[in-house]
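Presented below is the structure to which this report refers.
Please read these numbers as outputs of a predicted model, since none were measured by experiment. These numbers come from the heavy atoms of this one structure, side chains and all, not from hydrogens, waters or symmetry mates. All residue numbers in this chain count up from 1 along the given sequence.
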Amino acid sequence: MPRSPAADLAPLVKLLQAGVPPDRAAAELSRILAIWMAELEDDDEQLQERLSGLAEQMTTGIEEMHEGIAEASDKGKPTLRRILATHQAVLDGVRKAQGAG
């Protein structure tokens with residue numbers, strides 16, 4: 001039975017919500033991409049659809065965080081900036097994978 005993209009992404013979502021360092025989230029993304037590439041090695045179109053969907057989700061999240069950072073107090077900014085950097089690292093990894101697909 002094929003794996004669910006949502007199930008594959010669940011650990012990454014938890015890491016993003018926790019605000020882990022960018023390299024930790026990027027490592028999890030690499031794990032997910034390896035699974036997807038192996039599963040969809042003969043279906044590049046489906047792989048690109050998954051990557052596009054993930055990129056869209058990440059872009060929306062990043063835009064929302066930029067708004068939050070602009071409204072945050074000075075005390076909250078470092079944490080929000082770190083979370084934003086983590087999300088940006090994942091989005092960069094998705095975009096890189098899209099180019100390699």
Side-chain angles (χ1 to χ4, degrees):
M1 177 190 283
R3 299 171 60 98
S4 160
D8 290 338
L9 291 173
L12 177 62
V13 170
K14 287 181 182 179
L15 292 175
L16 292 172
Q17 290 171 340
V20 299
D23 58 338
R24 175 66 185 99
E28 179 62 20
L29 174 64
S30 293
R31 186 188 73 78
I32 292 166
L33 292 176
I35 291 168
W36 286 0
M37 288 177 181
E39 179 183 312
L40 300 170
E41 67 182 325
D42 296 327
D43 192 350
D44 189 53
E45 185 177 332
Q46 180 65 32
L47 177 61
Q48 290 303 320
E49 284 179 27
R50 286 187 188 183
L51 292 172
S52 292
L54 181 54
E56 186 176 326
Q57 289 175 346
M58 295 304 302
T59 300
T60 299
I62 289 169
E63 289 169 355
E64 290 172 0
M65 279 185 275
H66 273 292
E67 291 171 11
I69 289 170
E71 296 171 4
S73 68
D74 287 343
K75 182 178 180 183
K77 285 183 181 179
T79 300
L80 290 172
R81 285 191 178 122
R82 188 187 77 226
I83 293 170
L84 178 61
T86 299
H87 280 69
Q88 187 65 51
V90 171
L91 179 58
D92 291 346
V94 171
R95 288 184 175 150
K96 183 178 176 184
Q98 285 177 308

- Task: Report the distance from atom CZ of R95 to atom OG of S52, rounding to the nearest 0.5 Å.
- Result: 11.0 Å
- Connected via hydrophobic side-chain network under 4.5 Å: L33 and L91: yes
- Taking all atoms of both residues into account, what is the closest heavy-atom pair of R31 and D8, and its distance? NH2-O, 4.1 Å
- Going from CZ on R50 to CG on D43, what distance comes out if it is rounded to the nearest 0.5 angstrom? 8.5 Å
- ILVMFWY network linking V94 to V13, side-chain heavy atoms under 4.5 angstrom: no
- Message: Quick check on E49: does its CD atom have over 12 non-hydrogen neighbours (other residues, nucleotides or ligands) under 6.0 Å away?
- Response: yes
- Spacing of CG belonging to L51 relative to NZ belonging to K96, to within rounding of 0.5 Å: 13.5 Å
- Message: In this structure, would M58 and V20 fall into the same cluster of hydrophobic residues linked by side-chain contacts under 4.5 Å?
- Response: no
- Message: When you group the ILVMFWY residues by side-chain heavy-atom contacts below 4.5 Å and let the links chain together, are L29 and L15 in the same group?
- Response: no
- Hey, quick one: are I32 and L16 part of the same hydrophobic cluster, counting side-chain heavy atoms closer than 4.5 Å, chains of contacts allowed? yes
- Query: Atom CG of D23 and atom CD of E28: how far apart are they, to the nearest 0.5 Å?
  - Reply: 12.5 Å
- Note on the structure: The reported gap from OG1 in T86 to CZ in R24 (rounded to nearest 0.5 angstrom) is 11.0 Å
- Task: Quick one: pull up CG in D44 and CE in M37 and give me the separation to the nearest 0.5 Å.
- Result: 9.0 Å
